[in-house]
Student: 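Mind looking over this structure? Questions follow.
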Amino acid sequence: MIEARHLRVLRTVAATGSYSAAARALGCTQPAVSQQMKALEASAGTPLIVRSGREMRLTQAGDVLVRHATGILAGLTAAEEEIAAIVGLRAGRVRLTSFPSGSSTLVPTALAALRAAHPGTRVSLVEAEPPRSAALLRDGECEVALAFRYGGSAAEAEWDGLVVRPLLVDRLVGLVPEGHPLADAASAGLGDLAGEPWIAGCPRCREQLVDACARAGFTPRIDFATDDHPAVIGLVAAGLGVAVLPELALRSVRTEGVRTLALEPSVEREVVALTLPDLAQVPAVAATLDQLVLAAAR
């Protein structure tokens, strides 16, 4: 295998015309230059320089290698500079996947802080609910994924082998329309809403709702299902049913026409940022994770 350091020596020997002059230009000894040239000729499998009296000249193979060495070394220099920029967070790219309530709350704060600190780092965003978000990460479609799971969820295996950065514990709250008998209550149990029509959210949230209601002794009658949180609010405000939403989802939507109830016993979900172990060492990915943690702490 031809090494870049040997190419640099060859190019210098060709430019200066001798091993001793090349040694002076490279800041090393003449035997060191001679040794590296022998190693390069062994890798090439043919002589690259021949002596004619006190003069040295390139063989045909040597001439070919010198011509290619300029482009190769220039490319390596450019690659080294680009890598240095990435390591120094003067450049880099992070593809982020998030569920909608994370996209509207945690992500804007985190990315604004990241851009202010490292303006050369570019971050793109696509939305996906878990378990799809973790699958995208494993498939190489993103570098960081925001995800959540509920206590006692069977989804724990989804995070096996991933780096998990805890962000927050998000409580679910009940939503009832104004004028509902429980509208002025501070809290309620799910069983108090057993006879109501329900508005459910994403598939995982809907599964959690059914499980929580089963523990409360009933099966909810789900009349509407939507992943859109403003739509949930609108349906509840119109008196078409009741719902539960994470507190995180309520941070970025208007709640006119509905009242919120603390659920007893509480229902919580764990919100995290995920990445792969090797990606966690990439500076731009590590910086993105750090900013997500700080955003969640605000």
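Treat the numbers as computed from the prediction; the structure is a model and nothing was measured. Heads up: numbering here begins at 1 and tracks the sequence.
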Student: With no hydrogens and no angle check, is any side-chain donor or acceptor of D170 less than 3.5 Å from a backbone partner on E247?
Tutor: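 Checked: pair present.
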Student: Which residues pass the side chain to side chain contact (heavy atoms under 4.5 Å, CB included) test with V282, sequence neighbours left out?
Tutor: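 L279, V285.
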Student: Please list all pairs passing the salt bridge (Lys or Arg N to Asp or Glu O under 4.0 Å) test where one or both residues lie in residues 278-290, with sequence neighbours left out.
Tutor: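 Checked against salt bridge (Lys or Arg N to Asp or Glu O under 4.0 Å) - neighbours excluded - the pairs reaching residues 278-290 are R165-D290.
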Student: Which residue, T255, L235, V236, forms the side-chain contact (heavy atoms from CB on, under 4.5 Å) with L175?
Tutor: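 Only one option passes, and that is V236.
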Student: Atom CG in L261, atom CG in L172: separation rounded to 0.5 Å?
Tutor: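 Here the rounded value is 12.5 Å.
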Student: Taking only residues two or more places apart in sequence, or in another chain, which ones meet D192 in a side chain to side chain donor-acceptor pair (under 3.5 Å)?
Tutor: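 Here no residue qualifies.
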Student: Look up atom CG in L274 and atom CG in L146, then write down how far apart they are to the nearest 0.5 Å.
Tutor: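 It comes to 8.0 Å.
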Student: Considering residues at least two apart in sequence or located in another chain, which fulfil the side chain to side chain donor-acceptor pair (under 3.5 Å) criterion with D184?
Tutor: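 D184: side chain to side chain donor-acceptor pair (under 3.5 Å) contacts with R259.
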Student: Give the other cluster members for V163, using side-chain heavy-atom distances under 4.5 Å between Ile, Leu, Val, Met, Phe, Trp and Tyr residues; answer none if it is isolated.
Tutor: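 Under the 4.5 Å side-chain rule, V163 groups with nothing.
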Student: Once salt bridge (Lys or Arg N to Asp or Glu O under 4.0 Å) is applied, do any residues pair with R215, and if so which ones, sequence neighbours excluded?
Tutor: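 Testing R215 for salt bridge (Lys or Arg N to Asp or Glu O under 4.0 Å), a comparison that skips the adjacent residues, returns none.
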Student: If you compare all heavy atoms of A273 against all heavy atoms of L289, which two are closest, and at what distance to 0.1 Å?
Tutor: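 Closest pair (atom of A273, atom of L289, distance): CB-CD2, 3.7 Å.
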Student: Quick one: CD on E129 to SG on C202, what's the gap to the nearest 0.5 Å?
Tutor: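 If I round to the nearest 0.5 Å, the distance is 4.0 Å.
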Student: Might you confirm whether atom CZ of R11 has over 12 heavy atoms from other residues, nucleotides or ligands at distances under 6.0 Å?
Tutor: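 More than 12 heavy atoms, drawn from other residues, nucleotides or ligands, come within 6.0 Å of this atom.
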Student: Sequence neighbours left out, what passes side chain to side chain donor-acceptor pair (under 3.5 Å) with S104? Give chain and number order.
Tutor: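 With neighbours one apart ignored, the set is S252.
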Student: Would you indicate whether E256, at its atom CD, is surrounded by more than 12 heavy atoms from other residues, nucleotides or ligands within a distance under 6.0 Å?
Tutor: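 Yes, because the 6.0 Å sphere around CD of E256 holds more than 12 heavy atoms from other groups.
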Student: By side chain to side chain contact (heavy atoms under 4.5 Å, CB included), which residues pair with A85, not counting sequence neighbours?
Tutor: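 Checked A85 against side chain to side chain contact (heavy atoms under 4.5 Å, CB included); matches are R90, A91.
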Student: What residues, two or more places apart in sequence or in another chain, satisfy side chain to side chain contact (heavy atoms under 4.5 Å, CB included) together with P203?
Tutor: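 Listed in chain order: R206, D227.
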Student: Not counting sequence neighbours, which residues clear side chain to side chain contact (heavy atoms under 4.5 Å, CB included) with R93? List them please.
Tutor: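 R95, R122, E143.
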Student: Determine the minimum heavy-atom distance between P197 and L240, stating which atoms define it.
Tutor: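 Distance-wise, the nearest heavy atoms are CG-O, 3.7 Å.
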Student: Enumerate the residue pairs fulfilling salt bridge (Lys or Arg N to Asp or Glu O under 4.0 Å) with a member in residues 108-121, sequence neighbours excluded, ordered by first and then second residue.
Tutor: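 Salt bridge (Lys or Arg N to Asp or Glu O under 4.0 Å) check on residues 108-121 returns no pairs.
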Student: Give a yes or no on whether a salt bridge exists between E158 and R132, defined as a side-chain N under 4.0 angstrom from a carboxylate O.
Tutor: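 Judged by the 4.0 Å cut-off on N to carboxylate O distance, E158 and R132 do not form a salt bridge.
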Student: For residues 19-47, which residue pairs pass the side-chain hydrogen bond (donor to acceptor under 3.5 Å, both in side chains) check, not counting sequence neighbours?
Tutor: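 Found S18-S20.
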